[in-house]
Amino acid sequence: MQQIIKWSRENLFATRMNTLLSLVSLWLIYVTIEGVVSWAFINASFLGADKSSCMVRPHGACWPFVTAKFNQFIYGNYPAAEQWRVNIVFVLGALGLGLLMAGRINFKKQLAVLMLTAYPVLTFILLSGGLLGLSYVETNQWGGLLVTLVIAVTGIVVSLPLGILLALGRRSELPIIRMMSIAFIEFWRGVPLITVLFMASVMLPLFLPEGMNFDALLRCLIGVSLFASAYMAEVIRGGLQAIPKGQYEAGKSIGLSYWKSMRLIILPQALVISIPGIVNTFIGLFKDTTLVMIVGIFDLLGIISFHFTDPNWTSPQVPITGFVFAGLVFWVFCFAMSHYSKSVERRFSVKGVNK
Amino acid sequence: MSGKHIIEISHLDKYFGDFHVLKNINLSVAAGEKIVICGPSGSGKSTLIRCINHLESHDGGDIIVDGVPLDDKVKNIDHIRSEVGMVFQQFNLFPHMTVLENCILAPVWVKGVPRSEAEALALQYLERVRIPDQADKYPGQLSGGQQQRVAIARSLCMQPRIMLFDEPTSALDPEMIKEVLEVMVDLAEQGMTMLCVTHEMGFARRVADRVIFMDEGEIIEENTPTAFFDNPQNERTKLFLSQIIGD
Ligand SMILES: Nc1ncnc2c1ncn2[C@@H]1O[C@H](COP(=O)(O)OP(=O)(O)O)[C@@H](O)[C@H]1O
Ligand SMILES: [Mg+2]
């Protein structure tokens, strides 16, 4: 207790200005927490099969909306009998990622390769089916968190290698490669993602031959991936520029080819420098997936807001609750990413890289 | 001497844009010969030795290393780089790798030497530069003198026939210069062909067969170390020597 008083004196109430700021801050924290707690818990309704229980508690959250619709929020209209396939994909993904992030395991390299090759193939087979006795599930039945994750993970996995190639291309000594990389990057950076998605879903089919059907979700995946690659390229270019010229020259002088010197010397250093920017791009990409709503694909946010119009649930509390729930889910994923990136940075700096 | 020359540079010209940085350089180096290059800052010393392993491309004249002409053929450049090691003023070690990893990188990835063999070789060279016990440290954990000796060992691991040094002691604190120079003297005594850009006059007197003085992109004077330091011929050489000895 004495220590607490001593600490407060030194840190909160040292000067008059300091005291004032501390009191204002404490008041703000109190007001926020009080508001959140009373909305989310004290005044909230928790049980009920429709909006009626929420109507009688108009000043709190309407959690029954979330529990009743939870299945759609996760799977969209994915057939209930087939949802086990999605679950396998989720569990394998979480398991693989968890093991990769856990740090010291000795089969890490093999696992990473597996996650980047076998896992996407398996995911594709499981989710869309039409193979191995699995029934075919059209992508317009996919929705909710499933679609959000499919788009975000694809975007992340494609944009990193593509971004690296584009960044190297932009710094290439070959004029054609350089020009093409610059044109690609500047095109995608200059166009808003919404426009990209619109073009992918409305314009692209006009150029394709009659009868050729190009899956709407796939078009979005391509659009989002290319868009993210352009941003990723610029982030990585920043990292490349921070590597001293001497590193390139040392690589050349011991006889390494361009690609070997990039792979062994330059990129390992440049990528570590770029981690904050890379994760920033990932987080931006994750949140941007909500824009696919515009072209009729129901990601998590899309499907939540779609259900606001369900006559059983039209109540003023429902949209707020829905948005808060969506925000919470997005926040958990984004916070996990930023938290993990900090630990990666720390791990590399222990090795003495960033000195 | 002709025929035994491991490096033959004739009528070498090099421009940076409009700036004529190397002017009609002619220089032949016999196998095992040690050459010290000195001259005022900006005279083109670095550029000259960087042309030899094609870190800079030249615009005129010929460079022949170990019988192989240095042209734009990737195969020739690769061959020459495998014969020529280089040590830089700023060490340029790879900071994300341990000392041992720095040393085995090129043998493993360029020559395809098995890892265990490359490690054995690397430890042998680390011993020769007198830091066998630092193999598992990262460059950032070593002193400047130690880093430069690792850089020398890293080059030696490719078993080059020629070593280029670009002011290897200029970035070092005075107390560390000696340890690096001692390693270089060892190397010289074992018969390595060496081209060193350096202003270390003691080193030049001790190991150099010839000292070359450059100014404004030209070789102004060349002589044995004793004659060069004790009896310089050209006015510019005299001025330069009076400046560095005046320090
Ligand atoms: N990459 C470059 N581009 C343009 N000018 C350069 C470049 N490198 C060196 N120079 C110029 O060429 C001249 C010779 O440089 P350098 O060979 O490094 O001299 P030294 O090693 O003798 O000090 C200097 O005037 C320098 O400014
Ligand atoms: Mg120089």
Side-chain angles (χ1 to χ4, degrees), chain A residues 103-104 106 108-109 164 168 171-177 236 238-278 341 343-355, chain B residues 46 49-50 52-57 74-75 77-99 101-112 136-142 147 150-151 153-160 162-166 171:
Chain A
R104 308 185 195 352
N106 32 20
K108 204 166 188 167
K109 243 187 205 152
I164 291 174
L168 293 177
R171 289 169 58 83
S172 168
E173 283 166 12
L174 308 171
I176 295 189
I177 304 274
I236 291 167
L240 289 173
Q241 269 165 351
I243 306 297
K245 209 165 138 244
Q247 294 286 306
Y248 293 85
E249 293 181 347
K252 281 187 190 169
S253 79
I254 57 172
L256 290 174
S257 67
Y258 172 81
W259 286 108
K260 282 179 185 165
S261 127
M262 286 302 141
R263 189 178 132 204
L264 300 165
I265 300 170
I266 306 301
L267 282 173
Q269 297 182 66
L271 290 178
V272 170
I273 300 175
S274 316
I275 287 174
I278 291 174
S341 89
S343 84
V344 173
E345 271 176 74
R346 220 173 303 129
R347 194 152 78 222
F348 281 109
S349 66
V350 171
K351 268 171 70 176
V353 172
N354 281 340
K355 274 199 258 183
Chain B
S46 299
I49 66 166
R50 288 158 59 85
I52 295 172
N53 67 350
H54 204 69
L55 288 185
E56 304 286 357
S57 56
V74 175
K75 201 177 120 234
I77 296 174
D78 285 347
H79 176 82
I80 287 171
R81 282 187 182 154
S82 75
E83 298 278 336
V84 180
M86 185 166 209
V87 174
F88 301 87
Q89 183 175 349
Q90 300 296 339
F91 328 140
N92 295 346
L93 292 175
F94 307 131
H96 59 303
M97 296 180 186
T98 64
V99 165
E101 288 167 345
N102 265 278
C103 291
I104 66 171
L105 188 74
V108 169
W109 288 92
V110 179
K111 282 189 179 168
D136 293 322
K137 291 212 175 140
Y138 285 91
Q141 298 168 309
L142 303 181
Q147 289 191 49
V150 171
R154 176 178 70 183
S155 289
L156 292 178
C157 281
M158 281 297 278
Q159 301 182 302
I162 302 161
M163 286 288 284
L164 309 173
F165 293 84
D166 192 359

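Convention: sequence-line order gives letters A, B, ...; per-chain numbering from 1. Quick note: numbers below take in every heavy atom, side chains included, and nothing from hydrogens, waters or symmetry partners.
- Separation of atoms NE2 (B:His96) and CD1 (A:Ile265) is listed at 6.5 Å; rounding is to 0.5 Å.
- Taking 4.5 Å as the heavy-atom cut-off, the residues of residues 257-264 of chain A that approach chain B are A:Lys260, A:Arg263, A:Leu264, ordered by number.
- For chain A, no part of B:Ile77 is nearby; none of its heavy atoms comes within less than 4.5 Å.
- Ranked by heavy-atom pairs under 4.5 Å with chain A, the first of B:Leu105, B:Val84, B:Asp78, B:Asn53 is B:Leu105.
- Under a 3.5 Å cut-off, the side chain of B:Asn92 and the backbone N or O of A:Gly246 do form a donor-acceptor pair.
- Using a 4.5 Å cut-off on side-chain heavy atoms (C-beta onward), B:Pro95 and A:Gln247 make contact.
- For a residue to count as touching a neighbouring chain, one of its non-hydrogen atoms must lie under 4.5 Å from one of that chain's; by this rule B:Val87 does not touch chain A.
- For B:Glu56, the side chain to side chain donor-acceptor pair (under 3.5 Å) partners at least two apart in sequence or on another chain are B:Arg50.
- Within 6.0 Å of CG on A:Leu174 lie more than 12 heavy atoms contributed by other residues, nucleotides or ligands.
- With a 4.5 angstrom heavy-atom cutoff, B:Phe94 touches chain A via backbone and side-chain atoms both.
- Distance check, rounded to the nearest 0.5 Å: CE of B:Met158 to OG of A:Ser253 gives 9.5 Å.
- Taking CE of B:Met86 as the reference point, atom NZ of A:Lys252 lies at 11.5 Å (rounded to 0.5 Å).
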